[in-house]
Structure formats: C-alpha cells, structure tokens
Amino acid sequence: MLETHRLPDQLRENLRLVFVGTAASTRSAELGHYYAHPGNRFWRAIHEAGITPRRYQPEEFAALMELGIGFTDLSKSDAGMDHQIAAATIDVPGFRAKIEKYRPRTIALTSKKAASLFYGRPSAAISLGRQARDESLPEIFVLPSPSGAASGHWTLEPWRELARWMGS
C-alpha cells in the first residue's frame with residue numbers, strides 16, 4: 001500500500017474539465033505525475049484530440065490548471081493496474097463530494113473501469129463518449145483507457161468528441 005495522496009488532486013473551482021482515473025499507476029505514484037508511464041497514451045491523446053494546444057509531458061500535469069483542466073482518481077490511497085486496486089480504497093462518495101465542492105463543467109472518466117465503479121454497473125453496460133445527462137452532475141464523458149495494457153480497446157474518437165464538446 002502506498003502512502004495516501006502520493007498523487008495529489010489537481011482541483012479548484014470552476015474547472016472546464018477534470019480527468020478521473022481509477023487510481024494512479026505504480027509509475028505515476030512513484031514519480032508523482034499523472035499518466036506517467038511511457039506506454040500511456042494520455043498526453044499524446046489530449047493533444048491529438050485537440051484538448052491541449054501542445055503535447056505536455058507527465059511532469060507538466062499541474063500546468064494544465066492554467067487551461068482549466070484538473071485531475072483526480074477514485075482511489076487516492078492505492079496504486080497499480082485496475083485489477084490490483086483494493087475495492088476498499090475506491091471512494092465514489094468522496095469523489096462525488098469533490099465534484100459538488102468544485103463544480104467542474106465536465107468530467108472525463110479515463111477508463112470503462114472507472115466509469116463502472118462510478119456508476120455502479122458493469123463495464124459492458126457502459127458506452128464510450130458523452131453520457132446521458134444527469135442534472136445533478138457535470139457533463140460526463142467515458143474515454144477508453146490510455147494505458148498501454150488496454151491497447152486492444154484503444155480509439156481516439158471519444159477523446160475527439162470530448163474536445164469538440166470542450167470547444168462548444
């Protein structure tokens with residue numbers, strides 16, 4: 001078990017977008033940077049989709065606050081691949097409280113696993129892209145995991161859909 005909050009939230013009021021993962025990867029937790037594994041497509045995807053004006057590096061994650069983009073995870077006290085995260089460390093009520101406090105315009109869950117945990121239903125029942133509107137929550141998008149371990153399910157299109165929504 002890693003030290004709690006090894007990868008601190010990057011949140012403030014009125015962000016345009018908050019990326020939400022299941023938990024930090026082991027590499028991200030070690031380095032203290034979101035999406036830090038070299039095989040992770042996150043930084044390339046947000047640039048190629050048009051969400052950021054250039055390709056940022058993992059160590060620059062805090063700079064995205066200037067663009068109105070924040071980060072958090074459903075588990076702030078565990079790290080590893082999704083199947084390694086202890087169920088007891090997943091804190092959906094805590095995440096919902098953060099959303100109520102900070103009120104971002106949009107939430108992007110960066111895997112179907114994170115979406116499954118958030119919605120409390122199987123991954124197979126969740127579609128990628130923009131989700132049905134729930135007036136009590138910000139707009140929600142579900143993105144394919146940028147992890148290299150999930151490459152069989154990779155598509156940039158939901159990331160592009162998010163970029164189009166961000167531009168609207």
Side-chain angles (χ1 to χ4, degrees), residues 1-12 15-30 32-37 39-43 45-46 49 51 58 61 64 69-159 161-162 165:
M1 181 79 73
L2 293 163
E3 169 187 330
T4 302
H5 298 288
R6 177 71 61 88
L7 197 54
D9 287 337
Q10 291 290 299
L11 297 172
R12 64 169 164 75
L15 288 167
R16 295 169 53 229
L17 172 63
V18 173
F19 285 107
V20 184
T22 305
S25 70
T26 305
R27 175 79 176 231
S28 289
E30 286 169 0
H33 308 317
Y34 282 87
Y35 305 99
H37 192 282
N40 195 296
R41 295 180 187 82
F42 179 84
W43 298 102
I46 62 173
I51 295 167
F61 73 92
L64 271 68
I69 298 172
F71 296 91
T72 191
D73 293 297
L74 297 178
S75 171
K76 296 305 292 183
S77 60
D78 206 353
M81 294 175 70
D82 282 354
H83 70 275
Q84 298 169 318
I85 305 304
T89 70
I90 301 294
D91 185 9
V92 173
F95 168 67
R96 285 182 175 267
K98 291 174 195 177
I99 295 310
E100 286 178 25
K101 177 179 179 181
Y102 295 110
R103 305 301 305 166
R105 178 176 178 223
T106 311
I107 298 167
L109 296 156
T110 59
S111 70
K112 282 183 125 185
K113 174 67 173 182
S116 170
L117 293 164
F118 176 73
Y119 286 116
R121 53 184 205 252
S123 296
I126 296 169
S127 60
L128 292 172
R130 191 171 173 191
Q131 302 299 295
R133 189 76 173 107
D134 174 339
E135 292 303 323
S136 69
L137 294 166
E139 287 290 340
I140 298 176
F141 283 76
V142 175
L143 304 174
S145 173
S147 168
S151 57
H153 304 286
W154 178 250
T155 172
L156 191 62
E157 188 47 42
W159 298 76
E161 180 187 357
L162 172 60
W165 160 254

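Please read all numbers here as calculations on a predicted model, not as lab measurements.
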Engineer: Start with the C-alpha gap between Glu139 and Arg133, add the side-chain angles, then the distance that decides, and say whether side chain to side chain contact (heavy atoms under 4.5 Å, CB included) holds.
Structural biologist: CA-CA 7 Å; Glu139 287 290 340; Arg133 189 76 173 107; 3.0 Å; yes
Engineer: Closest heavy-atom contact between Ala114 and Ser111?
Structural biologist: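 Scanning both residues completely, I find the closest heavy atoms to be N-OG, 2.9 Å.
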Engineer: Between Thr26 and Gly80, which heavy-atom pair has the shortest distance, and what is it?
Structural biologist: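 Looking at all heavy atoms of both residues, the shortest contact is OG1-CA, 3.5 Å.
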Engineer: Hey, mind stepping through Lys98 and Thr72 against side chain to side chain contact (heavy atoms under 4.5 Å, CB included) and telling me if it holds?
Structural biologist: CA-CA 9 Å; Lys98 291 174 195 177; Thr72 191; 3.3 Å; yes
Engineer: State whether the side chain of Thr110 and the backbone N or O of Ser145 hold a donor-acceptor pair below 3.5 Å, judged by distance alone.
Structural biologist: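 Judged by distance alone, no pair lies under 3.5 Å.
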Engineer: Between Gln131 and Ile126, is there a side-chain heavy-atom distance shorter than 4.5 Å?
Structural biologist: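 Ile126 reaches Gln131 side chain to side chain.
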Engineer: Look only at the side chain of Ser147 and the backbone of Asn40, and say whether a donor-acceptor pair between them is shorter than 3.5 Å.
Structural biologist: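 Not confirmed, Ser147 side chain does not pair with Asn40 backbone.
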Engineer: Measuring only between side-chain heavy atoms, which start at C-beta, is Ser75 closer than 4.5 Å to Ile90?
Structural biologist: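 Yes, side chains in contact.
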Engineer: Backbone N or O of Thr89 within a donor-acceptor pair of the Asp78 side chain at under 3.5 Å?
Structural biologist: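 Looks like no, no N/O pair under 3.5 Å.
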Engineer: State whether a side-chain donor-acceptor pair under 3.5 Å links Ser136 with Asp134.
Structural biologist: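 Side chains of Ser136 and Asp134: pair found under 3.5 Å.
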Engineer: Would you call Lys76 and Asp91 a salt bridge, taking side-chain N to carboxylate O under 4.0 Å as the test?
Structural biologist: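 Answer for the salt bridge query: no.
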Engineer: Looking only at heavy atoms, which two atoms of Arg105 and Pro138 are closest? And how far apart?
Structural biologist: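 Minimum heavy-atom contact is O-CB, 3.4 Å.
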Engineer: Would you compute the distance between atom NZ of Lys113 and atom CE of Met81 and round it to the nearest 0.5 angstrom?
Structural biologist: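 Interatomic distance, Lys113 NZ to Met81 CE, rounded to 0.5 Å: 12.0 Å.
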Engineer: Heavy-atom distance under 4.5 Å between the side chains of Pro144 and Trp159, does that happen here?
Structural biologist: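 SC-SC contact between Pro144 and Trp159 confirmed.
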Engineer: Between Phe42 and Phe19, is a ring pair (Phe, Tyr, Trp, His ring centres under 6.0 Å) present by the stated rule, with each step listed?
Structural biologist: CA-CA 10 Å; Phe42 179 84; Phe19 285 107; 4.8 Å; yes
Engineer: Just wondering, do Ile99 and Pro104 contact through their side chains at under 4.5 Å, heavy atoms?
Structural biologist: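 Yes. Closest side-chain heavy atoms under 4.5 Å.
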Engineer: Can you tell me how far the CD atom of Glu161 sits from the CG atom of Leu143, to the nearest 0.5 Å?
Structural biologist: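 It comes to 9.0 Å.
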Engineer: Measure the NZ-CG distance between Lys101 and Leu11 for me, rounded to the nearest 0.5 Å.
Structural biologist: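 Atom-to-atom, Lys101:NZ and Leu11:CG are 9.0 Å apart.
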Engineer: Test side chain to side chain contact (heavy atoms under 4.5 Å, CB included) on Ile85 and Leu74; report intermediate values, then the result.
Structural biologist: CA-CA 10 Å; Ile85 305 304; Leu74 297 178; over 6 Å; no
Engineer: Looking at every non-hydrogen atom in both residues, tell me the closest pair between Pro58 and His33 and how far apart they are.
Structural biologist: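 Reported closest heavy-atom pair: O-CB, 3.5 Å.
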Engineer: Between CD1 of Ile51 and CH2 of Trp165, what distance do you get to the nearest 0.5 Å?
Structural biologist: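 Reported value, rounded in 0.5 Å steps: 13.5 Å.
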Engineer: Can you see which heavy atom on Ser127 is nearest to which on Val142, and at what distance?
Structural biologist: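 Looking at all heavy atoms of both residues, the shortest contact is O-CB, 3.7 Å.
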Engineer: Hey, does Arg96 have a side-chain heavy atom less than 4.5 Å from the side chain of Leu137?
Structural biologist: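 Yes, at least one pair of side-chain atoms sits under 4.5 Å.
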Engineer: Could you label the plane-to-plane angle of the Phe71 and Tyr35 rings as parallel, tilted or perpendicular, counting under 30° as parallel and over 60° as perpendicular?
Structural biologist: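 Taking Tyr35 first and then Phe71, their aromatic rings sit tilted (interplane angle of 30° to 60°).
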Engineer: Do you know which two heavy atoms are closest between Ser116 and Arg121, and how far apart they sit?
Structural biologist: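 Heavy atoms of Ser116 and Arg121 come nearest at OG-O, 2.7 Å.
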Engineer: Working note: Tyr102 + Val18, criterion side chain to side chain contact (heavy atoms under 4.5 Å, CB included); need CA distance, chi angles, decisive distance, verdict.
Structural biologist: CA-CA 10 Å; Tyr102 295 110; Val18 173; over 6 Å; no
Engineer: Roughly how far, to the nearest 0.5 Å, is the CG atom of Leu64 from the CG atom of Leu15?
Structural biologist: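 So the gap between those two atoms works out to 10.5 Å.
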Engineer: Drop me the distance from Leu17's CG to Ile107's CD1, to the nearest 0.5 angstrom.
Structural biologist: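 Rounded to the nearest 0.5 Å, the CG-CD1 separation comes out at 9.5 Å.
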